[in-house]
Amino acid sequence: LAKEAGKNRYHLFDPEADRQVQEHRRFLDAIQQALHNNELVLYYQPKVHLRTGQLVGVEALLRWQHPQQGLLSPAHFLPAVDGSPLEQPVGEWVLRTALKQGACWAREGRDVSISVNISADHLLHGSFVSHLQTMLAEHPDMPPARLELEVLETAALADMEQAIAILLRCRELGVQFALDDFGTGYSSLTYLRQLPVDLLKIDQSFIRDILSDPDDRGIVEGIIRLAGACHRSVIGEGVETLEHGAALLQLGCELAQGYGIARPMPAEQLFDWLDQWRHEQPWTRLPQWPAP
Ligand code: C2E
Ligand code: MG
Ligand code: MG
Ligand code: MG
């Protein structure tokens, strides 16, 4: 059997595999064109404080405004980009665009913190820190402290020592870090203690059924306690209803992000949304448990 498998690896010509390689190449060409034609855009999703309703920042989320297919979400094209030669150019476009937006808001007198998702290879690439430093210098109106980088637990663990070194150097620049999709990876408490991250983002898969599933509720509670014990902030992702928000508040998590607060939106809609959000004050309908 082993011999069979070994033989299969030296398959002479597999038309199906060849077709897939061609297709992948064409798709990457199309994404590269999109980058050149300004078809990539960032949407921004608000992150709020559940007791006060205050906007604490926005997460930049990549979209492809495709001329024929309309607005494409990252699931449609980022898997192809990851691990390809486009990973770094796309990642740098995202960072630069977010910094430009932050600088623009700052000049309008708006203090908006922006979180940017960073892929594993981009973060761990040797020139990440120097490129980040250059980009920050290009946008002097955007204070580095208002930039937060979101990395996946799995990215940080791929090469712990390298990740820690990079995170520490970015921290010296004043930039913050969040661990994204927290709870879906395998980070042990030891890892978490070593990683210089400021914020844990509870993965939305635990929030979804927080009202009906005691296990999920227990996990969320555990993450919130863990964050407290490690002196990290914590935010709940995927808050789709006020009830989700109420459950988070009850468990001691005061920050939230999700469709129940706002969907990701183009930059120019952010302050219209904020006016409406402040006017309606939906957070005042959340039970106000005494602060811990
Ligand atoms: P993520 O960083 O965990 O971002 C949260 C995702 O959940 C976003 O999907 C957001 O639109 C979605 N979301 C927010 N609130 C809710 C909610 O209440 N319910 C549900 N069901 N979903 C909600 P999106 O924009 O499709 O992005 C998916 C993932 O793609 C992101 O997950 C992130 O890992 C990746 N991504 C997005 N933009 C970038 C980028 O610029 N660079 C990199 N490297 N990755 C990105
Ligand atoms: Mg994220
Ligand atoms: Mg996430
Ligand atoms: Mg995710």
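Side chains are part of it too, since the values below use all heavy atoms of this structure and drop only hydrogens, waters and symmetry mates. From a predicted model like this one, the values you see are computed outputs, not experimental measurements. Position 1 is the first residue of the sequence, and the numbers go up from there. Atoms within each ligand, like the ligands themselves, are counted from 1 in listed order.
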Exercise for review: Answer yes or no: does an N/O atom from Leu61 fall short of 3.5 Å to an N/O atom of ligand 1?
Suggested key: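 Between Leu61 and ligand 1, no N or O pair is found under 3.5 Å apart.
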Point to revise | Nitrogen or oxygen atoms of Ser73 and ligand 1 under 3.5 Å apart | key: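 N/O-N/O distance under 3.5 Å: no.
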Which distance, rounded to the nearest 0.5 Å, do you find between the [atom1] of [X] and the [atom2] of [Y]?
X	Y	atom1	atom2	value
Arg171	Gln176	CZ	CD	7.5 Å
Leu286	Leu248	CG	CG	10.0 Å
Ile202	Ile223	CD1	CD1	5.5 Å
Glu150	Ile235	CD	CD1	8.0 Å

Option nearest [atom] (shortest heavy-atom distance, choices [options]):
atom	options	value
atom 3 (O) of ligand 1	Leu42, Asp181, Val239	Asp181
atom 15 (N) of ligand 1	Arg208, Lys201, Gln257, Gln45	Gln45
atom 38 (N) of ligand 1	Leu62, Val116, Thr97, Ile118	Leu62

Practice item. Could you label the plane-to-plane angle of the Tyr44 and Trp105 rings as parallel, tilted or perpendicular, counting under 30° as parallel and over 60° as perpendicular? Key: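 Perpendicular.
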Would you check whether [X] reaches within less than 4.0 Å of ligand 1, judged by its heavy atoms?
X	result
Arg263	no
His122	no
Ala75	no

Practice item. Look at the N, O or S atoms of Asn117, main chain and side chain alike, and state whether any lies under 2.8 Å from the Mg ion (ligand 2). Key: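 Yes, Asn117 qualifies, because one of its backbone or side-chain N, O or S atoms lies under 2.8 Å.
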Review point. Are any N, O or S atoms from Glu237 nearer to the Mg ion (ligand 2) than 2.8 Å?
Key: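 Coordinating: no.
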Short list, please: which atoms of ligand 1 are under 4.0 Å from a heavy atom of [X]?
X	value
Pro264	11 (O)
Ser119	44 (N)
Gly258	15 (N), 18 (O)
Glu240	17 (C), 18 (O), 19 (N), 20 (C), 21 (N)

Please state which part of [X] comes within less than 4.0 Å of ligand 1, counting heavy atoms only: side chain, backbone, both or neither.
X	result
Leu78	side chain
Val90	neither
Val94	side chain
Asp180	side chain

Review point. Will you find, in the side chains of Glu59 and Ser115, an N or O donor that is under 3.5 Å from an N or O acceptor?
Key: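 No - no donor-acceptor pair under 3.5 Å links their side chains.
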Point to revise | Asp121 and Ser119: side chain donor to acceptor below 3.5 Å | key: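 Their side chains do not contain a donor-acceptor pair, so the 3.5 Å distance test is not met.
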Would [X] and [Y] pass as an ion pair if we require N to O under 4.0 Å?
X	Y	answer
Glu16	Arg19	yes
Asp181	Lys201	no
Lys100	Glu138	no

When you measure from the Mg ion (ligand 2) to each N, O or S atom of [X], which atom gives the shortest distance?
X	answer
Asp180	OD2
Glu150	OE1
Glu59	OE2

Review point. What pairs with Arg217 under side chain to side chain donor-acceptor pair (under 3.5 Å), at least two apart in sequence or on another chain?
Key: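 Partners of Arg217 under the side chain to side chain donor-acceptor pair (under 3.5 Å) test: Gln250.
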Review point. Asp181: which N/O/S atom is nearest the Mg ion (ligand 3)?
Key: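 The atom in question is OD1.
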Check your understanding: Which residue pairs pass the ring pair (Phe, Tyr, Trp, His ring centres under 6.0 Å) test with at least one member in residues 53-79, sequence neighbours excluded?
Key ->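 Found Trp64-His66, Trp64-Phe77.
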**Study point:** Reference residue Tyr43; test side-chain contact (heavy atoms from CB on, under 4.5 Å); the match among Leu71, Leu270, Val58
**Key:**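 Exactly one pass, corresponding to Leu71.
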